[in-house]
Participant: 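Sharing a structure, written as structure tokens. Questions coming.
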Number of protein chains: 2
Amino acid sequence: MSVKPPPPDIVIGRLPIYLRALDSLAKENNDITSSYELGERLGISSAQIRKDLSHFGDFGKQGTGYNIRFLIDQLRDILKVNREWHVVILGAGHVGLALANYHDFTNHGFKLVGIFDNDSEKIRHAAGNLTIKDTKLAPDVIRQHDVKIAMIATPGAVAQDIADMLVGAGVQSILCYAPTTLIVPEDVHIQYIDPVTKLQHMTYYINT
Amino acid sequence: MSVKPPPPDIVIGRLPIYLRALDSLAKENNDITSSYELGERLGISSAQIRKDLSHFGDFGKQGTGYNIRFLIDQLRDILKVNREWHVVILGAGHVGLALANYHDFTNHGFKLVGIFDNDSEKIRHAAGNLTIKDTKLAPDVIRQHDVKIAMIATPGAVAQDIADMLVGAGVQSILCYAPTTLIVPEDVHIQYIDPVTKLQHMTYYINT
């Protein structure tokens, strides 16, 4: 019996993008879509979409397309966002405040339960629906709320210390907005959000 | 004679990440690095790094590693960030203001030349070193400053109209923070920054 290899990480990374597009299609009152329609929306080939989804099962019949609601439920299951994850934000500068005020976490599997800064002038101020707390309190909040996911929006120079603290408190996934590369244990996942690297990716293609 | 195929987009996307790591190594007063050291920092295999770089030339000698300064210069050349690109921000909400205050664009090839909003209460207020202007003025500023790159930080509902305006004014690259998928001509490049899809990518791996 052959064992199916785990789906490549790059495929996992595309599933949330498919989910986002399916959510839009559902909001526009569609019931059925096709890999072709999804591909047109996302700039991804329909063959790629079919191949990606085939790692996880058989979600549509040849010629009849995908049931949008069903596929959304399946993808939410696979990505484990058919539940609510508690999330904390470290750093209450412009980026941290933007995240605290971002309305799109709710209904996509995430609930913000804390925002922290070490600047006494920021502590106790409001940030979205939260109140900024002292960074020292973060480990307690993480343990109390069983937080597995954190977003780092601190300056680059302190991001590694913050990451060490988060991992020590039980965080397994870090979304890092600090312009640096973090070193974490192998079982901790990191994603980076860095506008500079995104812009530099595109300048390659600019015709001048 | 065989013609070399163009490097895959996914390889292009990793070059700015290598550049970021090399910049850090240079700041730490290193002269020489290896694909192994880079790989350790980035969580990418050294074989992958060597393969990626080999698309663009021969940057190191077997056994002696890479000259960091030389490799930085080469990557900046390849990515066309050995010059200054003018960039505009559309939308002066929390994300737009975070971008206007982000210090890391300078010295990485980018200069912010405008931030725009259609909210009269925001217009004429300061945002970083800029003054928020009426969105109606964006096409003029884009043409005056020969802007090829824009960042969209508007609500999702208006992002497509904004993108159409930008493309009409000559923008070739769009970094989109709005939680939506934009439709643009084939010669326009888009990158998305969406914390929700990044978080959903990581929840897949969380052990509960």
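All values below were derived from every heavy atom in this structure, side-chain atoms included, with hydrogens, water molecules and symmetry-related copies excluded.
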Participant: Specify the closest pair of heavy atoms between I206(B) and K80(A), including all atoms of both residues, with the distance to one decimal.
Facilitator: O-NZ, 2.6 Å
Participant: At a 4.5 Å cut-off on heavy atoms, which part of Q172(B) comes close to chain A: side chain, backbone, both, or neither?
Facilitator: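 For Q172(B), the contact with chain A is made by the side chain alone.
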Participant: Enter the distance from T203(A):OG1 to I78(B):CD1 here, rounded to the nearest 0.5 Å.
Facilitator: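 Reported value, rounded in 0.5 Å steps: 11.5 Å.
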Participant: Kindly give the heavy-atom pair with the smallest separation between T197(B) and R20(A), and that separation in Å.
Facilitator: CG2-NE, 4.5 Å
Participant: Given heavy-atom pairs under 4.5 angstrom as the criterion, report whether the side chain, backbone, both or neither of N101(A) touches chain B.
Facilitator: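 When you check distances to chain B, only side chain atoms of N101(A) fall under 4.5 Å.
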Participant: Side-chain contact test, heavy atoms from C-beta onward, threshold under 4.5 Å: evaluate it for S173(A) versus Y204(B) and give yes or no.
Facilitator: no
Participant: Sort out for me which of I193(A), V87(A), I190(A) touches chain B most, counting heavy-atom pairs under 4.5 Å.
Facilitator: I193(A)
Participant: Does any part of the side chain of L199(A), heavy atoms only, come nearer than 4.5 Å to the side chain of F105(B), both counted from C-beta?
Facilitator: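 Of all side-chain heavy-atom pairs linking L199(A) with F105(B), at least one is under 4.5 Å.
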Participant: Sort Y102(B) into side chain, backbone, both or neither according to what part of it lies under 4.5 angstrom from a heavy atom of chain A.
Facilitator: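 For Y102(B), the side chain is the part near chain A, not the backbone.
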Participant: More than 12 heavy atoms of other residues, nucleotides or ligands under 6.0 Å from CZ of R83(B): is that the case?
Facilitator: yes
Participant: More than 12 heavy atoms of other residues, nucleotides or ligands under 6.0 Å from NE2 of H125(B): yes or no?
Facilitator: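 For H125(B), atom NE2 is not crowded (no more than 12 foreign heavy atoms under 6.0 Å).
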Participant: Decide if atom CG of N30(B) counts as having more than 12 heavy atoms of other residues, nucleotides or ligands within a radius under 6.0 Å.
Facilitator: yes
Participant: Test Y192(B) against I17(A) for side chain to side chain contact (heavy atoms under 4.5 Å, CB included), laying out the working first.
Facilitator: CA-CA 10 Å; Y192(B) 296 91; I17(A) 296 166; over 6 Å; no
Participant: Is F110(B) in contact with chain A via its backbone, its side chain, both, or neither, using a 4.5 Å heavy-atom distance?
Facilitator: side chain
Participant: Identify the two heavy atoms, one from M202(B) and one from H189(A), that lie closest to each other, and give their separation to 0.1 Å.
Facilitator: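 What the structure gives for the nearest pair is SD-O, 3.5 Å.
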Participant: Heavy-atom pairs under 4.5 Å with chain B are the metric here; pick the option from L175(A), L19(A), T181(A) that has the most.
Facilitator: L175(A)
Participant: With a sphere of 6.0 Å drawn around CD of E28(B), does it hold more than 12 non-hydrogen atoms of other residues, nucleotides or ligands?
Facilitator: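 Correct, the count exceeds 12.
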Participant: Please look at L99(B) and chain A and tell me whether the side chain, the backbone, both or neither of the residue comes under 4.5 angstrom of a heavy atom of that chain.
Facilitator: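 For L99(B), the contact with chain A is made by the side chain alone.
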Participant: Between N207(B) and chain A, with a heavy-atom cut-off of 4.5 Å, which part of the residue counts as in contact: side chain, backbone, both or neither?
Facilitator: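 The answer is both parts of N207(B).
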Participant: Take Q200(B) and L15(A), measure what side chain to side chain contact (heavy atoms under 4.5 Å, CB included) needs, and give me the verdict at the end.
Facilitator: CA-CA 8 Å; Q200(B) 290 182 336; L15(A) 298 186; over 6 Å; no
Participant: Of the listed residues (A98(B), G109(B), S24(B), G156(B)), which shares the most heavy-atom pairs with chain A below a 4.5 Å separation?
Facilitator: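 Top count of heavy-atom pairs under 4.5 Å with chain A: A98(B).
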Participant: Check the surroundings of atom NZ in K122(B): do more than 12 heavy atoms from other residues, nucleotides or ligands lie under 6.0 Å from it?
Facilitator: yes
Participant: List the atom of D104(B), the atom of P179(A), and the distance in Å for their closest heavy-atom pair.
Facilitator: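 Answer, listing the atom of D104(B) first, then P179(A): OD2-CB, 3.6 Å.
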Participant: Chain B: which of I174(A), I183(A), V188(A) shares the most heavy-atom pairs with it under 4.5 Å?
Facilitator: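 Highest number of pairs under 4.5 Å: I174(A).
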Participant: Checking side chain to side chain donor-acceptor pair (under 3.5 Å) for the pair D9(A)/Y205(B): CA distance, chi angles, key distance, verdict?
Facilitator: CA-CA 10 Å; D9(A) 181 63; Y205(B) 295 102; 2.5 Å; yes
Participant: Rounded to the nearest 0.5 Å, what separation is found between the OG1 atom of T180(B) and the CG atom of D23(A)?
Facilitator: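 Reported to 0.5 Å precision, the distance equals 11.5 Å.
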Participant: Show your working on side chain to side chain contact (heavy atoms under 4.5 Å, CB included) between I10(A) and I10(B) and close with a plain yes or no.
Facilitator: CA-CA 10 Å; I10(A) 192 163; I10(B) 192 163; 3.0 Å; yes
